[in-house]
Amino acid sequence: MNDMNIVERNVTTDTFKITARKVQVYYGEKHAIKDVDVDILDKTVTAFIGPSGCGKSTFLRCINRMNDTIDVARVEGEIKLDGENIYDKRVDPVQLRAKVGMVFQKPNPFPKSIYDNVAYGPRIHGLARNRADLDEIVEKSLRGAALWNEVKDRLQEPGTGLSGGQQQRLCIARAVATAPEVLLMDEPCSALDPIATSQVEELIDQLRKEFSVVIVTHSMQQAARVSQKTAFFHLGNLVEYGDTDDIFTNPQDPRTESYISGRIG
Amino acid sequence: MNDMNIVERNVTTDTFKITARKVQVYYGEKHAIKDVDVDILDKTVTAFIGPSGCGKSTFLRCINRMNDTIDVARVEGEIKLDGENIYDKRVDPVQLRAKVGMVFQKPNPFPKSIYDNVAYGPRIHGLARNRADLDEIVEKSLRGAALWNEVKDRLQEPGTGLSGGQQQRLCIARAVATAPEVLLMDEPCSALDPIATSQVEELIDQLRKEFSVVIVTHSMQQAARVSQKTAFFHLGNLVEYGDTDDIFTNPQDPRTESYISGRIG
Amino acid sequence: MTDVTDTAAFGPGGERHTSGSLLTESARTRKRNAAEKRFKAYGIGAIAIAILSLVFLLTSIIGDGASAFRQTYASIPVTLSADVVDPDGNRDPEEMSGVYSMSYGSLLTDSLRNWIEQEGIQIEGLTDADLSGFFSNEAQASLRNQVLDNPELVGQTVEMTALTSSRVDGMFKGRVSEESASRDAKTSVAQFQLAEAMRENGTLVTRFNSSFITKPDASDNRAEAAGIGVAILGSLYMMLIVLVLALPIGVAASIYLEEFAPKNRFTDIIEVNISNLAAVPSIVFGILGLAAFINFAGLPRSTPIVGGLVLTLMTLPTIIISTRAALKSVPPSIRDAALGVGASRMQTVLHHVLPLAMPGILTGTIIGLAQALGETAPLLLIGMVAFVSTYPGAPPAGFFDPASALPVQVYNWTQRADPAFFERASGAIIVLLVFLLCMNLLAIYLRRKFERRW
Amino acid sequence: MPVQWILLIVLAIAVLGYVLGRRRALTLVDGDARRLHSRPTYYGWNVALYAAVPALLVLLVWLFAQPMIIERSIDRYIPEDAVSEGQTRGMLLNEVRKVASTLNGAVAQDVLTRPEALTLTMDDSARMDALKAAGQAVLTKPVILDAAQQYMRSTHTGSIWLSIVTLALALGLAAFAWRRTGPEFRARNVVEQVMRAILIGCSTIAIMTTVGIVLSLVFESINFFRLYPWQDFFFGTEWTPSFGGGSELGMLPLLWGTLYISFIALLFAVPVGLFAAIYMSEYASPRVRSFAKPAIEILAGIPTIVYGLFALVTVGPLLRDWISQPLGLGNSGSSVMTAGLVMGVMLIPFVSSLSDDIINSVPQSLRDGSLGLGSTHSETIRQVVLPAALPGIVGAVLLAASRAIGETMIVVLGAGAMAQISGNPFEAMTTITVKIVGQLTGDNDFASPETLVAFALGLTLFVLTLGLNVFALYIVRKYREQYE
Amino acid sequence: QEQVQVAGSSTVLPYATIVAEAFAENTEFQAPVVEGGGSSAGLKQFCEGVGGNTIDVANASRQIKSSEVETCAANGVANIIEVQFGYDGIVFASDINGPDFVLTPADVFGALAAEVVVDGEVTANPATNWSDVNPDLPEQAIMAFIPGTKHGTREVFEEKVLLAGCEETGAMEAFAEANGGDEDAAEAACMSVRTDGASVDIDGDYTETLARIASNPNGVGVFGLSFYENNTDKLKVATINGVTPTVDSVASGEYPVSRPLFFYVKKDHIGVVPGLKEYAEFFVSDAMAGPGGPLAEYGLVPDPQLADVQATVADEATIQ
Ligand SMILES: Nc1ncnc2c1ncn2[C@@H]1O[C@H](COP(=O)(O)OP(=O)(O)OP(=O)(O)O)[C@@H](O)[C@H]1O
Ligand SMILES: Nc1ncnc2c1ncn2[C@@H]1O[C@H](COP(=O)(O)OP(=O)(O)OP(=O)(O)O)[C@@H](O)[C@H]1O
Ligand SMILES: [Mg+2]
Ligand SMILES: [Mg+2]
Ligand SMILES: O=P([O-])([O-])[O-]
């Protein structure tokens, strides 16, 4: 039922959007990310896979400095976006996060109306010239996240009154509405049914035309479907990174192999 | 990579644990569940599938009266557990929920230590005679939820500091620890990697020996793997209910068919 | 129900806002960051205003009141002349107690005059009034007690350390200058010089004044002897009553209203009602207390029990309002989690919601108690302004004995004519703040323990 | 038996009941607590509550009722001719009570034995002298003495019955509850029902307080409106009470002053408090916060008289010399501005501390969501955190407003005592509460409109704030944003 | 009830506390509990009835009114002993560094009345400086701090100063004329105080008045004699009709603005409340209330007929 959306796996660009070097993350004592080096291409979908608790979310949060909000978290090493170190003192995390959007693992809609949830980003970034513009952005984003039909009659109801999957799509719409250059998605389809999933995947593919997308997923199939590059994490290490095709068909590291074939978790 | 855990699909019992008749749920004006009749067998795993927002969680919450906590929600109709109407005035919802445990769609660990999260249920229900007993229950539950190895050294750290998938498993462990007769699981594996998923599925299969399990899932494969009975919901209606084999191989309703084959979501 | 048809049409929304280097701020970001800075500055400014006000108030209180903790004493030999102490000469304690303390003043005056002569101190224009006004009236009383306790002292000369009068004391605290003394009917330049001379001589010392903390109030004639012992006990008793009653009742009421009560017109009325009670002027609680506790229930006036009950009623709304707000801010998912494992509502509240709401509850309690501790108006109506010079007994019986309270004592002292009372009023405020600080410390500790984000 | 003893015994029965109830529950299931409906403690509590609660309620009611009943019977006992001229029966009863307590005192001091006290007559001079010597003089008429002795007897019998009834009740119900204990028995539900009843009881205290306040205000207010036309009170613009009568008691100037001063106080306190709260919960390091918060809370505990003096001595002259005089807005040291600002300082912690707690309890995931979209911290706070915390913040502001309206001392010293309506914030004005206190504690005849007006003012203020609160509730309901 | 309970006038309060303290110190009895609250409030409590929860003694800075005696009687307080033990002088004082004030009631009336008579016409008070009222007075803006309408002192001020000044200046007749011969209205007009800010009501007490003068050195305040005597280093007293207020000039009646001080005792409580009678006797004893005693030391103007007063107390003579 699911292979219908498989996309071409050709990487259409070879400029690096993000380059990470020797990234370490500590939660207090705990060493959650160990020595990760990775180069993420522009106009490409990169999938992070790996067993639960291996550090995927943690690393994802490094890329737009969301780890700043966790008191105990400490990041070392260097992550460059378009050649600029995002941990540089002069970098404004706000500007960074406007460029590098994020969908979180647990849907976290604002306790506001559905409309305001989506319009929030465009409003603060001044993306809409007028109300009609804004309406358009909201509609487009909700359509992209495959939510429009379900909520178009209840845009003024609170986003917290949606079902789990609807909330997740709302959060995707919200992130997309700000038109970031890089979009980090932490298990965006975990609560979605196959159809919604394929729509979101289609959206990801759309986005890839212009931007870079990093997606965390537990579904190997999904990784295979949407991504051109795949990174496999294990116990805080980046074990293997390469073309999705290669990783799935010809993994180099025994750990990758056994994860893909379902032997370690 | 995933069909390795397929269980026998023979329903081992034919006593009805839960019978629902003409259940209606309204959220204020919105009619979220329409006229649902369903019989859930004892010692069986029943899967609820259906597109996002179709009312699976809502119906699940009816079964242990968690809907009581939503101000705007109103339930009509009759749901019987072991022949007793759970919406009867004399029924103590607390006792009901002790019998009918629940894992929520969004992981919601208590802001307490991991140990206390799991030990909470056994404590209030007096399931442990002493500390050693309790330790044992906690360990067993965490092992069952495939979390023990990851947290055994940090049982006293807060449950909110876990990764998304770990939180989800923690909530499963918490629900299992109270030894309910019926376990309602709302997408328990959505944030889990395949291995953890298969471990949880194994757990579900274990539980089935003695209890009844109802699981909401978006993964058709998972439904096929773990459940003996499947119910398909669509727009608040229970469209089709029957043996999992039948539903997946020979759906009666065109909507079921198109959902399974990936045409509606 | 999905959007199969329109996804293809999707492209990124709006126009691009950020392109270019992360290291250079775009114009819009610059504006937003400026707003951010301003916002943060407002916060700092607000804290600064609050802290500065506090510092200002504290320095002025401490500046005014620190001197209350020091007091000037003089020690001179006093001859207990039998003519005065035992005019009948029978050495009968019964008879001797018929001589009032006022008469002992002449003993002190005479002894002081003799002492001055002996020491050869020469001061111009020293009058009898200067001498008799040199010592506190309290000194006469303690002299009398000494004599009555040991009748054999009669006729002898004893070395006596006595409180000096408030004016003499004021000379060493900057309250009385030579110039003001010259205009002051209650003292004189000569007395000023005498005090200076005695100080150089070492007979006059200013030292820590423990009796300010332990002694009861004194009359207007002896400001220097007034203390806040009774007021401290009274306030302590009242705070105990308020804490024991208001905290549990307030929290219980909030729990019911927030977690159990059906949301209907009736609970709305209760809700509005409670907020409204917070706006009732405190004096009205005094009226209520007078009517309900004294006139109706027949509890005695001027006692901590009535004061405590009135303050309890007054603090309740504050505690209820803040507790409800705190309960409300606990996310429902926590309640779901507990109910889902079969906890009863009561258990859910007691085990999860209440601990998470604890910081807010503590804040409400602290603010409520602080307010109760500093409240005067309602106590005026139930007789706590009384001049009480006997200590209340130990609780619980002591709750029914007359007592004063710190804020009332402050109020009372600021009304008195002798300027020395003003310093004592500030001293009492310092004690009150120390009280408050102790309560705060406890709350800080507890709050730390309970505070967490989720 | 003295009441304390009864109390202690009932509590002891309850404790014992707890132990036995718990034990019985466990024995019935052979120590396997899992077979019980509820945890063993609940069975213990069930017995304890059955033992204590009804008995204590009876005790309470009895203690209130007994004196009334006995007095009524004694009243019948005093013959009509014993009431002398200029006396009322009430006074006689008073005397009876006093004599009885004197005799009781004598018994307590061992001056008399109890039978002696009960048989004492006026002509028993030896005993009388003994009494006098002990400072328990009984100076009264024989009738009264008789009545007093009767009173003592009834009280004694009453208290014996009281002990019997309460203890029997405690024991009986404890036994009943103990017997009912069994694995199927829903002890937790019973205990929680009782707890719930207690919770309800606690919330009715607020209602009772309100009823009490209204009752204690309403009668005197009616008396006031009998003496003074209501139109003049509600719509009069002159407030000039005087001793000789003929006062003008229009409340409008007071109302104006109240609103004006509270408005200025809130205008100062709400932004400052809110920003302080935001800074503490969102920006400050834990160390700064743990210092700043309690420090600011001290402001709430400084007696208002200190603020008053601060207004009078420092702020007032400062404003006069630097602002109002140079601008030609008047030369009064006491003004609405002075009182408002100083009161504002006092109110800061009401807004800041409560709001801080509420802001702090907004889930971090909401902040993350907003920050992840590239909003600045302040945008997150303004648009996500504050709206989510709104109900609590409104509560805090309301509390501050309430204090502002109810405050007296600062206004007395800071705003002057001039009842007038003027828009100039640098003029002296006064408030309703100040006048309530003033007229009530003042030296006017108690039954004169000048004093009674205090009650009418109190009632008006009560109704006024009620309106304010209803409005606030409406606002909160409308804008409430409930997070998950 | 073990202690004597006293409540009432705040003017009498300091004297009562001095007595209470000395009483406890020199006798076997416990110190009475003394409360202020004002004469009327004290008398109201006093008249609430006899027995346990009522006060034994009421202090007052005025005589009990017949209405109050009736209320008392109705509540069973039939036997009241009235004790007038001294006088309180009421003085005008200003900042010690300011000019001298030599006042007459007419000057005060001219400066503070709401309406005055100018050229035979009743007009709103136009005076802004004291010198406008009387050229001999200092050239200083009028700023007076007078007791608020809640204070008993205000009544004395109105009657003994404003009304007297009103009559003196002849404004009384003009007011009567303007009101069509209505004497009461004329009196009311005489006693109404200007509300344009030149006169400030003090609802607090003398310390507040003192603080206001400190922050407003132009001000003239109204004080009790004893309060002034305790603060002679800060205040300069004004003469009235050329008489300087002192204990002697008040006692002799030379100084016009004064009032008698009382306390009232419940006879029915004597013998029941230990120490009650002893307290009353002690209060008026020579040692306490006589010249040179602690009360005089504090500023009380003792009643010249102290012996009669002592006899009243000893005989427990009640008012009829
Ligand atoms: N608290 C609520 N208030 C109002 N509407 C709600 C509420 N909860 C759910 N709904 C609506 O009810 C419908 C069913 O929701 P439900 O949560 O049961 O869906 P679901 O089948 O669990 O979907 P998902 O797979 O996305 O979790 C949805 O349209 C949802 O928007
Ligand atoms: N706030 C935190 N404090 C302490 N430890 C944390 C915190 N967040 C995550 N961790 C730990 O860091 C490790 C990596 O967590 P992370 O959330 O990155 O995992 P993940 O790969 O996203 O897993 P999942 O697929 O389950 O979401 C885990 O062991 C987790 O327990
Ligand atoms: Mg994760
Ligand atoms: Mg759901
Ligand atoms: O309090 P007073 O009655 O003396 O004004």
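Naming convention: chains lettered A, B, ... in sequence-line order (proteins, then strands); numbering from 1 in each chain. Just the heavy atoms: all of them, side chains too, but no hydrogens, waters or symmetry mates, feed the values below.
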#### Entry: Close side-chain approach of K30(A) and E157(B), heavy atoms under 4.5 Å
no
### Residue pair A191(B) / E187(A): nearest heavy atoms and the distance that separates them
CA-OE1, 3.3 Å
### Summary
Correct closest heavy-atom pair for G165(B) and Q105(A) would be N-NE2, 3.7 Å
### Message
Just so I know, are the side chains of S57(B) and S163(A) near enough to count as touching, which here means a heavy-atom distance under 4.5 Å?
### Response
no
### Task
Side chain from CB out, backbone as N, CA, C, O: work out which of these in Q168(B) comes under 4.5 Å of a heavy atom of chain A, or both, or neither.
neither
### Query
Under 3.5 Å, is there a donor-acceptor pair between the side chain of K106(B) and the main chain of P107(A)?
yes
### Query
If you draw a 6.0 Å radius around NZ in K140(B), do more than 12 non-hydrogen atoms from other residues or ligands fall strictly inside?
no
### Query
Does atom CG of D71(A) have more than 12 heavy-atom neighbours from other groups under 6.0 Å away?
no
### Task
Give the minimum heavy-atom separation between E150(B) and S52(A), together with the two atoms involved.
OE1-O, 3.4 Å
### Least distance between heavy atoms, Q166(A) atom then G53(B) atom
NE2-CA, 3.7 Å
